[in-house]
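Comments concern the structure below.
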Amino acid sequence: MSTSTPRSVVLERLAYTLAAPVLAVAPNLYPDSPVNTVVQLAGAAGIGGWVLAYQGGEQGSGRKILRWSPLVLAAAVDVAAKSTNGWGPWWLDGLLAAGWAAAGSIVLPFSRHARRHHRPALAAPALAPAAQPVPEAGWQLDDGASIFTRQVRQLWERAGNPGRTIVVKAVPHPGMPHDLSLLLRASEAGRPITGLTDAAVAAAFGTDVSVVRFTEVQQQAGREGGPGWLEVHVTPDAEQRRRTAPTAAEKWQDTIGGDRGAIPGSVFVKKVRDRERKVTHYIAQVPDEAGEPRVNQHALAAALKTKYDEGRLFVTIDGSQILVSLWDSSPLAQVFPATRELLKPDKDGRWVTGFLGNGQPARNRVYTDRGAAHGLFVAPSGGGKTQLMGLHVAADALFGAVVMLATEAPDEKTAALGKHTARYGVGALYMIRLLRVLVALLEIRGEMPWEDGLVHEWDPTRPGCPYRMLSAYLDEFLSAARNGEYGAEIMDLAESVSVKGRKYGVGLKVAGQSIYVQDGFTQLLCENLRENCIPVVLKVAPKKVSDMFKALGIPPEYIPDPLPRSFSAEEEGRIERVMRGEPEPPTDSNTGGAGWIIEGKQPDVLRTLFMDFKAGIDGYFPDTIATLTDHEIRELEARDLWFDWTEPPRPGEFGPEPDDEDEDTAPRPRRGRKTPAPRRRDTVTTARQALEAIKHLTDA
């Protein structure tokens, strides 16, 4: 006997099987047999049962009619067998009896419908009834639970009540046929839920562990909360949709905002596409209590299907908000032509130097709230330093400032700029003469009365100033500062101007390939320039980035990663070229003019404007060149400082000349300042510097 079929069902089927031959044989062989009478009386009783069930009209009447059907049908078969001649055509009597037995075996009215709450024979075996928990104060079992909750309870009981919990309520998720949320409580009063695992929940519903999530239950009016309660979310459909077609917020959380993501703890806010500028902006936010967002640039680039070296990805942080800008092509590889409108300073002295990686204009200043602005341009050869210096010269000239330019070595572009300046020359001698004039002007301007008859510090917003702002550009400054004859004084004079010049409208703009102290750039000069200007650093070698920004006073956490060697996208098909033995295409070195502008404590990536020297630069400058006032020139002439600075050193210009009779026998003393000047305060850190110091001490 099958363990899945009840005994009553087996016995009833056996009775139908044995009674069927009697119904077929008795009417034909023994028409007057008492068997026929008994069968017909049973059929009449069945009809009576039908009538009573129909007239009663109460619930379950259909089940009662079905229960009496085998007796009525048996009587009908008996009457039909007696009415036919013999066994009837095609053995009709036997077929009717066999059909009656088959119908009874399938329907089984007595064994299956005798009790109202009887379960189907093939249903799962009933589990032992679980102990009824004692209700806690303030909570009662929901006896009127929905059909869905009752079905879920059956599955939960079948799994053995995982974690010794019971299902209080189950809620399906709209539009998700397999997703649901469960409200569970411990089956024993006063006991926390501790043994429930996501694997047990997944097994109860036949799903994967990854789609199970637990959340705490807060206390509410009329319901308890705390560790004795738990909410469980089972979401296989939502997880499947999230894997195949995630929303922007879900994709951000899975790839960027997770604990191990590129910006851990960040929450997606919105995505904005700028079709005109061909850039996609992602806005996210971290909780205020999380502090400043932590960004892994390389992981972020990988999550957004790009490479950090392509220069397409830029991150802007504003407090707890994050803006991620992903360009279709790197904006640093674009060319932004300079125009007179961009270079002309506004009422605050600001003008556009270039454009940041996020598309914003990068601005510099001709003056600050402290006075005339200094300048600091750092770039290796070919990095765009002269281009950048040309932008500054044009901005100062458009502001109406007097511009003077000195460079250590001749250059085609600096010579073109020199045509638009009040003074231009080449060499360390020219530079030292320019710096001497600047120092003298500090004294001269400090004594020039304004329109109100008083002397004031320079302020472009205050009327009545008797002189113009002066910007002095020193190109290849470190090379001149290391000059054996004039270098020490050049550095000392530059330090003096960097300290006092801003108060008298004198800005010192220093350009070079390094600002390292060990390369001859003193810490004092670096700090003075840094505090009174907006430095621009272009195309620094990767190994020098960290030291360069440390020298500029940038905190370690804000030191940027090196820029890529090229911003052009790599040409595809390298595998095919390797297989064919073809060479790689040349790399487009398009990083000239790309670098960082440091207005605050954090450097921002920029691409400077392009000034087309080949097409001519006259259109960038005003028609007239500003010069010093007549009073200033007279005072400089009285000090023997205003003359043609390209002529050879004048007698006594750099110290007393040697006597003629001692000229052939005594070594010629090194030229120096007319008045004693403090020696350079550079720290000796290399053997070369030590040798230079010895030479200076011994006049060797």
Side-chain angles (χ1 to χ4, degrees), residues 247-249 251-252 255-256 262-263 266 268-285 293 295 297-319 321-344 346 350-364 384 387-388 391 395 534 536-539 560-561 563-572 588-600 602-612 620:
T247 64
K251 188 175 181 180
W252 182 279
T255 60
I256 298 175
I263 313 177
S266 61
F268 178 83
V269 176
K270 65 179 178 179
K271 175 182 177 181
V272 180
R273 173 65 179 175
D274 190 334
R275 298 186 181 276
E276 182 179 354
R277 298 168 63 203
K278 298 181 180 180
V279 58
T280 302
H281 298 293
Y282 299 88
I283 302 175
Q285 190 167 9
V295 181
Q297 295 268 12
H298 294 272
L300 181 61
L304 295 177
K305 309 300 182 185
T306 184
K307 296 180 180 178
Y308 178 76
D309 288 349
E310 291 180 351
R312 297 170 49 209
L313 182 67
F314 299 93
V315 179
T316 305
I317 297 177
D318 183 9
Q321 287 192 323
I322 308 143
L323 173 66
V324 177
S325 302
L326 180 62
W327 296 79
D328 294 356
S329 60
S330 175
L332 300 180
Q334 301 179 24
V335 176
F336 302 103
T339 64
R340 190 163 177 168
E341 290 71 23
L342 292 174
L343 297 176
K344 185 175 179 58
D346 60 15
R350 291 182 174 271
W351 57 278
V352 177
T353 311
F355 288 90
L356 302 179
N358 59 14
Q360 283 184 295
R363 300 191 299 174
N364 219 302
Q387 277 273 352
L388 175 62
L391 300 175
I534 301 177
V536 178
V537 180
L538 301 177
K539 199 178 180 182
D561 293 331
L563 293 177
R565 296 179 61 88
S566 174
F567 295 116
S568 298
E570 294 184 4
E571 190 170 336
E572 297 181 355
D588 182 11
S589 179
N590 56 2
T591 56
W596 298 269
I597 187 170
I598 315 167
E599 185 168 4
Q602 185 171 358
D604 290 314
V605 179
L606 92 160
R607 183 67 179 259
T608 60
L609 301 179
F610 176 70
M611 181 179 283
D612 194 349
Y620 303 117

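Everything numeric in this text was worked out from a predicted model, so none of it was measured. Computed over heavy atoms, backbone and side chain alike; hydrogens, waters and symmetry mates excluded.
Proximity of Trp596 to Pro560: side-chain heavy atoms (C-beta onward) are separated by under 4.5 Å at one or more points. At a threshold of 4.5 Å between non-hydrogen side-chain atoms, the residues His281 and Leu323 count as touching. Between Ile256 and Leu304, the closest side-chain pair of non-hydrogen atoms falls below 4.5 Å. Between Phe336 and Thr608 there is no side-chain heavy-atom pair separated by less than 4.5 Å. Residues Val295 and Leu300 have side chains in contact (heavy-atom distance under 4.5 Å, counting atoms from C-beta outward). Asp604 has its side chain out of reach of Gln360: every pair of non-hydrogen atoms, C-beta onward, lies at least 4.5 Å apart. Residues Asp612 and Tyr620 have side chains in contact (heavy-atom distance under 4.5 Å, counting atoms from C-beta outward). You'll find the side chain of Phe610 stays beyond 4.5 Å of the side chain of Pro337, heavy atoms only.
Proximity of a side-chain donor or acceptor of Trp327 to a complementary backbone N or O of Gly359 within less than 3.5 Å is not detected. Formation of a donor-acceptor pair under 3.5 Å by the Asn364 side chain with backbone atoms of Ile534 is found in this model. Using modelled atom types, one side-chain atom of Gln387 and one backbone atom of Met611 make a donor-acceptor pair closer than 3.5 Å.
If you take CZ on Arg363 and CG on Leu356, they are separated by 10.5 Å, rounding to the nearest 0.5 Å. Atom CD in Glu599 sits 4.5 Å away from atom CZ in Arg350 (nearest 0.5 Å). Residue Ile283 holds its CD1 atom at 10.5 Å from OG1 of Thr316, rounded to the nearest 0.5 Å. Rounding to the nearest 0.5 Å places CG of Leu326 at 8.5 Å from CZ of Arg273. Atom NZ of Lys539 is separated from atom CG of Leu563 by 10.5 Å, given to the nearest 0.5 angstrom.
Of all non-hydrogen atoms in Thr306 and Arg312, the two that sit nearest each other are OG1-NH1, 3.2 Å. Smallest separation of non-hydrogen atoms from Ala284 and Trp252: CB-CZ2, 3.4 Å. Looking at every heavy atom in both residues, Thr255 comes nearest to Ala303 through O-CB, 4.0 Å. A pairwise comparison of heavy atoms in Ile322 and Ser266 identifies CD1-CB, 4.2 Å as the closest pair. The shortest heavy-atom contact between Leu343 and Trp351 is O-CB, 3.4 Å.
Shown here are the side chain to side chain donor-acceptor pair (under 3.5 Å) partners of Thr353, two or more places apart in sequence or in another chain: there are none. In terms of the salt bridge (Lys or Arg N to Asp or Glu O under 4.0 Å) criterion, Arg340 has no residue partners (sequence neighbours excluded).
By the 4.0 Å N-to-carboxylate-O rule, Arg275 lies too far from Asp328 to be salt-bridged with it.
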